[in-house]
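Here the structure is a predicted model, which means the values were calculated and not measured.
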Amino acid sequence: MLLLTTKHIIADFMLQNAWMAIGKDQKTGWAMPLLAHCLVHLAVALVLILAVAPRFWYVAFVDFAIHITVDRAKGYCASHYGVTLESGHPWFWTLIGVDQALHHLTGFALSIYMAAN
């Protein structure tokens with residue numbers, strides 16, 4: 001769990017630039033920023049998993065698939081329903097919280113999977 005939490009902090013906060021963060025939540029033109037952001041997650045997860053538990057290399061790809069799905073859902077909500085910080089939408093922080101909770105639950109589930117196997 002610590003490994004995947006570390007991955008999340010590095011990829012979601014340290015290595016995500018404004019083009020990714022803003023671009024992935026747009027109505028149009030979201031695909032490349034979203035893909036770039038999630039490929040960063042894949043790369044960091046793969047490096048860390050290969051260093052600690054190489055036989056679970058494929059877990060990085062599972063994490064990638066889930067991350068891109070969760071972030072696209074968040075981006076859709078943000079762009080189609082105006083759930084943005086700039087709009088002052090009352091659900092903005094809830095949307096951010098649900099997004100982060102889903103990412104952490106993903107890490108938790110993948111950690112349980114790796115520990116059990």
Side-chain angles (χ1 to χ4, degrees):
M1 183 68 199
L2 183 59
L3 179 81
L4 291 175
T5 299
T6 300
K7 181 275 303 179
H8 186 76
I9 291 167
I10 292 168
D12 233 33
F13 298 102
M14 297 168 72
L15 297 179
Q16 181 172 206
N17 61 32
W19 174 73
M20 293 175 197
I22 295 166
K24 67 186 175 140
D25 289 348
Q26 300 303 305
K27 253 188 186 175
T28 62
W30 54 265
M32 289 306 293
L34 176 62
L35 181 60
H37 170 64
C38 292
L39 285 172
V40 169
H41 274 272
L42 173 63
V44 175
L46 196 55
V47 166
L48 292 175
I49 290 169
L50 287 174
V52 175
R55 70 187 184 101
F56 291 113
W57 60 270
Y58 57 90
V59 169
F61 291 87
V62 173
D63 181 67
F64 168 83
I66 295 169
H67 199 96
I68 203 166
T69 302
V70 169
D71 275 15
R72 182 59 199 135
K74 180 179 81 60
Y76 183 87
C77 290
S79 64
H80 285 77
Y81 300 110
V83 184
T84 64
L85 182 62
E86 296 77 24
S87 72
H89 197 287
W91 291 358
F92 173 76
W93 291 110
T94 301
L95 184 61
I96 295 294
V98 168
D99 171 76
Q100 291 299 303
L102 290 172
H103 292 316
H104 290 291
L105 287 170
T106 299
F108 185 61
L110 293 175
S111 297
I112 290 171
Y113 169 79
M114 288 188 285
N117 292 287

Query raised in the report: Which heavy atom in Ala11 sits nearest to a heavy atom in Val44, and how many Å separate them?
Result: CB-CG2, 4.5 Å
Query raised in the report: Ion pair present between Asp99 and Lys74, side-chain N to carboxylate O less than 4.0 angstrom?
Result: no
Query raised in the report: Can you check side-chain hydrogen bond (donor to acceptor under 3.5 Å, both in side chains) on Asp12 and His37, steps first, answer last?
Result: CA-CA 8 Å; Asp12 233 33; His37 170 64; 2.9 Å; yes
Query raised in the report: Minimum heavy-atom separation for Pro54 to Val52, with atom names?
Result: CD-C, 3.7 Å
Query raised in the report: Are Leu85 and Trp19 joined in one hydrophobic group, where the rule is that I, L, V, M, F, W and Y side chains link up if heavy atoms are under 4.5 Å apart?
Result: no
Query raised in the report: Mind checking whether Phe92 and Trp30 sit in one hydrophobic cluster, side chains of I, L, V, M, F, W, Y counted as touching below 4.5 Å?
Result: no
**Report entry** Atom pair CE/CD1 of Met114 and Ile49 - distance to nearest 0.5 Å
**Finding:** 5.0 Å
Report summary line: Shortest non-hydrogen pair, Ser87 vs Gly82, comes out as OG-O, 2.7 Å
**Report entry** Under the ring-ring contact (aromatic ring centres under 6.0 Å, His included) test, residues paired with Trp93 that sit two or more places apart
**Finding:** none
Query - side chain to side chain donor-acceptor pair (under 3.5 Å) pairs, two or more places apart, involving residues 104-117 - result: Tyr58-Tyr113
Report summary line: Contacts of Thr6 meeting side chain to side chain donor-acceptor pair (under 3.5 Å) (sequence neighbours excluded), chain-then-number -> none
Query raised in the report: What distance separates Ile68 CD1 from Lys24 NZ, expressed to the nearest 0.5 Å?
Result: 10.5 Å
**Report entry** Transitive ILVMFWY side-chain link Phe61 to Leu3, under 4.5 Å
**Finding:** yes
Query raised in the report: Can you check side chain to side chain contact (heavy atoms under 4.5 Å, CB included) on Val40 and Gln16, steps first, answer last?
Result: CA-CA 8 Å; Val40 169; Gln16 181 172 206; over 6 Å; no
Report summary line: The complete set of salt bridge (charged side-chain N to carboxylate O under 4.0 Å, His left out) pairs with one or both residues in residues 57-66, sequence neighbours excluded, reads Lys7-Asp63
Query raised in the report: Would you call Val70 and Ile66 a side-chain contact if the rule is heavy atoms closer than 4.5 Å?
Result: yes
Report task. Search all heavy atoms of Tyr81 against all heavy atoms of His89 and return the closest pair with its distance. Result -> O-CD2, 3.7 Å
Report summary line: In terms of heavy-atom contacts, Phe64 and Cys38 come closest through CD1-O, 3.2 Å
Report summary line: To the nearest 0.5 Å, atom CG of Asp25 lies from atom CG of Asp71 at 7.5 Å
Query raised in the report: Which residue pairs pass the salt bridge (charged side-chain N to carboxylate O under 4.0 Å, His left out) test when at least one of the two sits in residues 36-47, sequence neighbours left out?
Result: none
Report task. Report whether Val98 and Ile96 are members of the same hydrophobic cluster (ILVMFWY, side-chain heavy atoms less than 4.5 Å apart, transitive linking). Result -> no
Requested in this report: Look at the side-chain heavy atoms of Ile, Leu, Val, Met, Phe, Trp and Tyr, link any pair under 4.5 Å apart, and say whether Leu42 and Met32 land in one connected group.
Outcome: yes
Report summary line: Taken to the nearest 0.5 Å, the spacing of Thr5 OG1 from Ile10 CD1 works out to 11.0 Å
Query raised in the report: If you group Ile, Leu, Val, Met, Phe, Trp and Tyr whenever their side-chain heavy atoms sit less than 4.5 Å apart, what else falls in with Phe108?
Result: Met1, Ile112
Requested in this report: Test side chain to side chain contact (heavy atoms under 4.5 Å, CB included) on Leu46 and Trp57 and set out the steps.
Outcome: CA-CA 6 Å; Leu46 196 55; Trp57 60 270; 4.1 Å; yes
Query raised in the report: Which atoms form the tightest heavy-atom contact between Thr84 and Ala78, and what is the distance?
Result: CG2-O, 3.8 Å
Query raised in the report: Could you state the interatomic distance from CG (Leu105) to CD (Gln100), rounded to the nearest 0.5 Å?
Result: 11.5 Å
Query raised in the report: Please walk me through it: do His103 and His8 pass side-chain hydrogen bond (donor to acceptor under 3.5 Å, both in side chains)?
Result: CA-CA 8 Å; His103 292 316; His8 186 76; 5.0 Å; no
